[in-house]
J.: 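Okay, handing you the structure first.
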Amino acid sequence: MITTDNASQSQPDTATRAVDERALAQGPLTALLTAAALTYALDLGSKLVAVSRLEGQEPIAIAGRVLTLQVFRNSGAAFSSGQAFTAVFAAISVAVVVVIARVARRLQSLPWAVALGLLLGGALGNLTDRIFRAPGVFRGHVVDFISVEHFAVFNLADSGIVCGGALAVLLSFLGTSLDSSASQDR
């Protein structure tokens, strides 16, 4: 007759559970960092190409006059508003990066990770312009190059911010929290 000791069996189960919990926690963090890195890399790369190929050139029509590519230097925010507050927009971007970094520690929701990653990548993309582009540190003008007729001129960082923000609003509306739980009030 073979007997087993329950105490010795519970230790591997506990260790396995701890490893599983760490792996589960790393998934959303990995997704956040991946979304942020992709958004940032696409934004930075597209701005480098836009500046080298489009600046000083005639606009390139993609869909007639509805969608064109043309470089604009934007010292303000959306729709070139607040052009006198370039340093404030840089400070807001830094604050967004800090808040997302703090929230990332308790993040367990994959959709929230993607939303925050898009926001982080977009904020870093525009912050890079504010720091490294003329006229100076924290006063640099953001490179915008995608022009939609009767709308705005924007870049891929702006697109990441808008998509991440829209996803965050949707997740909030659905009651999904950062720890992946649904609201109990529904």
Side-chain angles (χ1 to χ4, degrees), residues 28-105 107 112-172:
L29 182 59
T30 300
L32 183 149
L33 294 174
T34 300
L38 284 172
T39 302
Y40 181 71
L42 288 171
D43 177 65
L44 185 61
S46 65
K47 286 176 181 173
L48 291 171
V49 170
V51 168
S52 70
R53 302 278 173 110
L54 300 173
E55 194 159 49
Q57 303 296 320
E58 290 295 315
I60 297 174
I62 302 297
R65 290 177 37 191
V66 176
L67 178 65
T68 59
L69 301 178
Q70 181 178 13
V71 172
F72 291 94
R73 302 295 179 127
N74 182 2
S75 63
F79 302 102
S80 296
S81 61
Q83 292 183 355
F85 300 102
T86 303
V88 173
F89 298 130
I92 290 169
S93 292
V94 169
V96 166
V97 170
V98 169
V99 167
I100 291 173
R102 290 181 57 108
V103 167
R105 290 184 280 176
L107 187 63
W112 270 108
V114 172
L116 294 176
L118 290 168
L119 289 168
L120 179 60
L124 288 172
N126 285 338
L127 181 61
T128 299
D129 283 357
R130 301 265 184 224
I131 293 173
F132 295 108
R133 295 203 187 269
V137 176
F138 291 110
R139 295 180 298 115
H141 297 180
V142 172
V143 173
D144 290 332
F145 62 92
I146 304 167
S147 178
V148 177
E149 187 177 35
H150 305 300
F151 181 60
V153 181
F154 55 96
N155 57 47
L156 296 182
D158 298 335
S159 297
I161 291 168
V162 169
C163 292
L167 182 54
V169 168
L170 176 64
L171 293 170
S172 295

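Basis for what follows: all heavy atoms, side chains included, without hydrogens, waters or symmetry-related copies.
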J.: Using every non-hydrogen atom in the two residues, find where Phe72 and Val153 come nearest and quote the distance to one decimal.
T.: CD1-CG1, 3.4 Å
J.: For the atom pair OG1 (Thr34) and CG (Leu29), what is the distance rounded to the nearest 0.5 Å?
T.: 9.0 Å
J.: Compare every heavy atom of Arg133 with every heavy atom of Arg73, then report the nearest pair and how far apart it is.
T.: NH1-CD, 3.7 Å
J.: How far does CZ of Phe132 sit from CZ of Phe138, to the nearest 0.5 angstrom?
T.: 9.0 Å
J.: OG/Ser93 to CG/Leu120 distance, rounded to the nearest 0.5 angstrom?
T.: 10.5 Å
J.: In residues 60-70, what donor-acceptor pairs under 3.5 Å come from side-chain atoms, sequence neighbours left out?
T.:
none

J.: Going by the rule side chain to side chain donor-acceptor pair (under 3.5 Å), which residues pair with Arg139 if we only count those two or more places apart in sequence or in a different chain?
T.: none
J.: When Leu156 is tested against each of Thr39, Ile161, Ile146 for side-chain contact (heavy atoms from CB on, under 4.5 Å), which residue passes?
T.: Ile146
J.: With a 6.0 Å cut-off (strictly less than), is the heavy-atom count around CD of Glu58, excluding the residue itself, greater than 12?
T.: no
J.: For the backbone of Ser75 and the side chain of Thr86, can you confirm whether one donor and one acceptor N or O come within less than 3.5 Å of each other?
T.: yes
J.: Pair Phe154, Val148 - check side chain to side chain contact (heavy atoms under 4.5 Å, CB included), show working.
T.: CA-CA 9 Å; Phe154 55 96; Val148 177; 3.7 Å; yes
J.: If you define the side chain from C-beta out and look only at heavy atoms, does anything of Arg130 sit under 4.5 Å from Val142?
T.: yes
J.: I need the single residue from Thr128, Asn126, Asp144 that forms a side chain to side chain donor-acceptor pair (under 3.5 Å) with Lys47. Which is it?
T.: Asn126
J.: Once you round to the nearest 0.5 Å, how far does CG of Leu48 lie from CG of Leu44?
T.: 4.5 Å
J.: If I compare all heavy atoms of Leu118 with all of Ala35, which pair ends up nearest, and what's the gap?
T.: N-CB, 4.2 Å
J.: Judged by atom type as modelled, is there a donor-acceptor pair below 3.5 Å linking the side chain of Asp158 to the main-chain atoms of Asn155?
T.: yes
J.: Contact between Pro28 and Trp112 at the side-chain level, heavy atoms closer than 4.5 Å - yes or no?
T.: no
J.: Taking all non-hydrogen atoms of both residues into account, name the closest pair between Leu32 and Ala104 and its distance.
T.: CD1-CB, 4.2 Å
